[in-house]
Amino acid sequence: MTPWAAAPGGVRLAIRLNPRASRNRIEGVETGADGTPVLKIRLTAPPVDGAANAALIAFLAEILALRKAEIVIRSGEMSRLKHLHLSGDADILAAKLAAAVTLINVTR
């Protein structure tokens, strides 16, 4: 299972965000407490005044070659567990996410 799935107009993505990391990076896919897969991401931004959320959107926009406006946090703005909606072609977005996770696993 993957932490992303096709949704109307794009892809739904489940993330577990760890702020205040030493560097920005995708750590891979892990299983959440409820058994669902999440994409684990670490960011240097602190969880203050929306800084971590803004950094998350900017990070994903860069990694996935999307505009920031195409990434929306649907739930979890004040939580480490977040659900996002990525606008665009679901197949292309899924391929980009899979490539990002594969690249992380290869470089470890």
Side-chain angles (χ1 to χ4, degrees):
M1 275 179 49
T2 63
W4 57 84
V11 168
R12 177 181 35 89
L13 174 62
I15 289 181
R16 183 173 196 289
L17 178 63
N18 289 325
R20 290 193 173 130
S22 60
R23 64 186 175 102
N24 295 338
R25 65 185 179 272
I26 296 174
E27 292 237 315
V29 176
E30 68 178 26
T31 303
D34 63 353
T36 61
V38 293
L39 184 62
K40 187 174 179 183
I41 296 178
R42 292 186 180 267
L43 298 175
T44 58
V48 178
D49 297 328
N53 288 337
L56 173 63
I57 290 171
F59 179 71
L60 287 174
E62 182 179 340
I63 296 289
L64 301 173
L66 295 172
R67 291 179 296 131
K68 291 178 190 176
E70 295 174 316
I71 302 170
V72 177
I73 298 174
R74 290 284 169 96
S75 67
E77 284 194 16
M78 304 296 285
S79 171
R80 288 177 187 250
L81 295 176
K82 301 178 184 300
H83 288 99
L84 283 66
H85 182 268
L86 311 176
S87 296
D89 182 277
D91 292 333
I92 292 172
L93 290 170
K96 287 180 179 182
L97 286 163
V101 170
T102 301
L103 179 62
I104 298 308
N105 290 334
V106 168
T107 59
R108 282 190 176 174

Test Asp89 against Lys96 for side chain to side chain contact (heavy atoms under 4.5 Å, CB included), laying out the working first. CA-CA 11 Å; Asp89 182 277; Lys96 287 180 179 182; over 6 Å; no
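Remark: Leu17 CG to Leu84 CG distance equals 9.5 Å, nearest 0.5 Å. The CZ atom of Arg20 sits 12.5 Å away from the CG atom of Leu43 when rounded to the nearest 0.5 Å. Annotation: the span from Ile41 atom CD1 to Leu13 atom CG amounts to 6.5 Å, rounded to 0.5 Å. Summarising the geometry, atom CD1 belonging to Ile15 is positioned 9.5 Å from atom NE2 belonging to His83; distances are rounded to the nearest 0.5 Å. Note that CD1 of Ile26 and CG of Leu39 are 5.5 Å apart. Values are rounded to the nearest 0.5 Å.
Residue-environment remark: CG (Asp34) exceeds the threshold of 12 foreign heavy atoms within 6.0 Å.
Scanning all heavy atoms of the two residues, the minimum distance from Arg12 to Ala7 falls at N-CB, 4.0 Å. Scanning all heavy atoms of the two residues, the minimum distance from Pro19 to Pro46 falls at CB-C, 4.4 Å. The nearest pair of heavy atoms linking Arg23 to Thr44 is CA-CG2, 3.5 Å. In terms of heavy atoms, Leu93 sits closest to Leu86 at CD1-O, 3.5 Å.
Between Leu64 and Leu97 there is a side-chain heavy-atom pair separated by less than 4.5 Å.
Residues Ile73 and Leu66 share a hydrophobic cluster, clusters being chains of Ile/Leu/Val/Met/Phe/Trp/Tyr side chains in contact below 4.5 Å.
With hydrogens and angles disregarded, a donor-acceptor distance shorter than 3.5 Å links the side chain of Thr102 to the backbone of Ala98.
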Pairs of donor and acceptor atoms involving the side chains of residues 50-63, under 3.5 Å and at least two apart or interchain, shall be tabulated with distances.
{"from": "Asn53", "atom 1": "OD1", "to": "Lys82", "atom 2": "NZ", "distance (Å)": "2.8"}
{"from": "Asn53", "atom 1": "ND2", "to": "Glu77", "atom 2": "O", "distance (Å)": "2.9"}

